Amino acid sequence: MRIRKRPGVAVTAVALLTALVGCEDPAGGAKGAGESGASPAATPTRAAVLDLPVRRQPSAAASALPESGTARFTATVTYASAGGSAVERTDGVLDWGKDAARAERVRRTPAGFPGSLADELGLAPGATVRQSFAVEGNEVAYRPRGEAWLKYAASDPKEFADRVDGVLDLAGDAAPWGRTLAEVLKTSSAEEREALPGGGFRYRTSVDAYGAHVALPPAVARHVGHGPARRVVVDLDREGRLVRAEADFGPLLKELHRDGELRGLTGLRVELALTGHGTPVTALVPATERFEAARTVLTPLAEVEPGACASGDTGLDHTGVVRVVRCGAGADLRVFGQRRIDETVRNANPEGLGDRLAAERCGRDFRAAPAAWTSGARPAGTYRVSGTERISFVYTGPDASARGDFTCYVRLR
């Protein structure tokens, strides 16, 4: 049984911000990461989906996915902006029998994509970033450049799991690889159906806005609440198997923009394609690969000493947790200051005050820091601030406070 993941802790930023454990198979045996045998193909029952009322067929197809045994998938997220569209494409293999997946993710971001928005979404303007992941049960492993796989687990200590919880969402419920439209469809309701050439069907379904958040990038999902239903277009093949799903979340962005969130993001489209249902696959990660527990090698950015360098090659969508490394070719960032903000105001709303003060004080630290700590900044002469502002009000009086711990650092590439 899959463990319910804990809600993630958002990391906000200002000033340019920026051996797997086994799981049970249907027969009750443990499936370990070292198994190399192919999973047997299974055949879904057509009647279990297509004999149901039309409104229930897409959700039934999503629930029946494990009956395929295995499949290949492509999940695509397109982020539109005034400076061009960034595309995140993930290709991989799903094995429901072992509750496992292997995925290769490529993020291509145009140079004109807004820098602050890219930082919030975990993108790098002007760059193509390739990442490798593996999932088994409730564990997600990421392969850094030239290092052993980093293993994140739902059983990690709560403090660490809360810091990296977004990556654990990649272990899905409807499929071994999560954060796709397959997760959404289990609670969808079809409004209409049309026949497709070849015997399949296309459905227009609706899902609650909050229900859709499990398929959205973390930087978007954290802002989503309950609201009007969202439309998802779904294709089933003649056997009632899910083969395609697509959703345009542009209308959702308009609501977020009214709240002042993600204003530079002008469009958001999410797609999922499944092929090769039932095609046998072998071990998704060779038994000779090395793994290490992420919790033992990663450090919260807020605990990195000024002057130290770190790598953000962690598989996470933020730099709130990093690997401390020697300054040089393997370093992505260098810390030049740590700032604690604790300010009280009277008869005023302090929202944003902590962020502004952190940016100002990091600016002073940037100008005073040794040249060796800041000369490698990219873009030259810029710095970044990472932290979370906490606002508190005194109900019996006029005072309000802005507090938070902030890290001042430069990007090295």
Side-chain angles (χ1 to χ4, degrees), residues 8-18 114-125 127 144 159-160 162-164 166 219 294-295 297-345 350-392 400-413:
V9 176
V11 177
T12 60
V14 297
L16 296 178
L17 180 90
T18 37
S116 58
L117 177 62
D119 287 332
E120 188 168 359
L121 296 172
L123 305 174
E159 182 178 8
F160 180 79
D162 284 346
R163 292 180 185 273
V164 303
R295 68 179 185 276
V297 297
L298 300 185
T299 302
L301 184 63
E303 297 177 10
V304 177
E305 293 290 332
C309 292
S311 168
D313 187 22
T314 60
L316 305 176
D317 291 321
H318 58 79
T319 55
V321 179
V322 296
R323 183 197 293 261
V324 177
V325 299
R326 294 181 60 182
C327 295
D332 298 318
L333 59 89
R334 191 164 192 170
V335 173
F336 61 84
Q338 298 285 1
R339 283 288 186 171
R340 173 162 290 178
I341 303 299
D342 188 350
E343 294 289 326
T344 299
V345 296
E351 185 173 356
L353 175 62
D355 291 339
R356 291 195 299 273
L357 290 175
E360 292 171 4
R361 294 174 188 180
C362 282
R364 292 201 295 267
D365 290 346
F366 180 77
R367 292 185 289 272
W373 292 7
T374 59
S375 59
R378 296 292 182 271
T382 64
Y383 67 91
R384 313 217 173 184
V385 181
S386 176
T388 301
E389 177 186 70
R390 300 185 302 277
I391 303 298
S392 61
S401 299
R403 299 184 176 89
D405 293 320
F406 297 85
T407 301
C408 319
Y409 69 98
V410 294
R411 282 281 192 185
L412 301 177
R413 57 182 172 187

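Because the structure is a prediction, the values reported are computed rather than measured.
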Sub-3.5 Å donor-acceptor pair from the side chain of [X] to the main-chain atoms of [Y], do we have one?
| X | Y | result |
| --- | --- | --- |
| Gln338 | Val304 | yes |
| Glu389 | Leu353 | yes |
| Glu305 | Val335 | no |

[atom2] on [Y] to [atom1] on [X], rounded to 0.5 Å:
| X | Y | atom1 | atom2 | value |
| --- | --- | --- | --- | --- |
| Tyr409 | Phe336 | OH | CZ | 10.0 Å |
| Glu120 | His318 | CD | NE2 | 12.5 Å |
| Arg384 | Leu333 | CZ | CG | 10.0 Å |
| Trp373 | Arg334 | CH2 | CZ | 7.5 Å |
| Arg339 | Asp365 | CZ | CG | 4.0 Å |
| Cys362 | Phe406 | SG | CZ | 8.5 Å |

For residues [X] and [Y], report the shortest heavy-atom separation together with the two atoms involved.
| X | Y | result |
| --- | --- | --- |
| Ala369 | Thr374 | CB-CG2, 4.0 Å |
| Arg413 | Ala331 | NE-O, 3.6 Å |
| Asp405 | Arg390 | N-NH1, 4.5 Å |

Requested in this report: Verify the neighbour count for atom CZ of Arg340: are there more than 12 heavy atoms of other residues, nucleotides or ligands below 6.0 Å?
Outcome: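 At most 12 heavy atoms, drawn from other residues, nucleotides or ligands, come within 6.0 Å of this atom.
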Query raised in the report: Got a sec, which pairs hit salt bridge (Lys or Arg N to Asp or Glu O under 4.0 Å) with one end in residues 319-329, sequence neighbours left out?
Result: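 Passing the test, one end in residues 319-329: Glu292-Arg323.
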Requested in this report: Provide the full list of salt bridge (Lys or Arg N to Asp or Glu O under 4.0 Å) pairs with a residue in residues 369-381, sequence neighbours left out, each pair given once.
Outcome: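 Output for this query is empty, none listed.
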Query raised in the report: Side chains of Cys408 and Phe366: does their closest heavy-atom pair fall under 4.5 Å?
Result: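 When only atoms from C-beta onward are counted, Phe366 and Cys408 do not touch, as no gap falls below 4.5 Å.
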**Report entry** Non-neighbouring partners of Thr344 that pass side-chain contact (heavy atoms from CB on, under 4.5 Å), sequence neighbours left out
**Finding:**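 Partners of Thr344 under the side-chain contact (heavy atoms from CB on, under 4.5 Å) test: Asp399, Ser401.
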Query - Listed partners of Ala294 passing side-chain contact (heavy atoms from CB on, under 4.5 Å), at least two apart - result: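 Listed in chain order: Leu150, Tyr152, Phe160, Leu298.
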List the atom pairs, with distances to 0.1 Å, where a side-chain N or O of residues 306-317 and a protein N or O form a donor-acceptor pair under 3.5 Å, not counting sequence neighbours.
{"from": "Ser311", "atom 1": "OG", "to": "Asp313", "atom 2": "N", "distance (Å)": "3.1"}
{"from": "Ser311", "atom 1": "OG", "to": "Asp332", "atom 2": "OD2", "distance (Å)": "3.3"}
{"from": "Asp313", "atom 1": "OD1", "to": "Tyr142", "atom 2": "OH", "distance (Å)": "2.3"}
{"from": "Asp313", "atom 1": "OD2", "to": "Arg145", "atom 2": "N", "distance (Å)": "2.7"}
{"from": "Thr314", "atom 1": "OG1", "to": "Leu316", "atom 2": "N", "distance (Å)": "3.3"}
{"from": "Asp317", "atom 1": "OD1", "to": "Arg107", "atom 2": "NH1", "distance (Å)": "3.2"}
{"from": "Asp317", "atom 1": "OD1", "to": "Arg107", "atom 2": "NH2", "distance (Å)": "2.7"}

Query raised in the report: salt bridge (Lys or Arg N to Asp or Glu O under 4.0 Å) with Glu360: which residues, sequence neighbours excluded?
Result: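 For Glu360 there are no salt bridge (Lys or Arg N to Asp or Glu O under 4.0 Å) partners, ignoring immediate neighbours.
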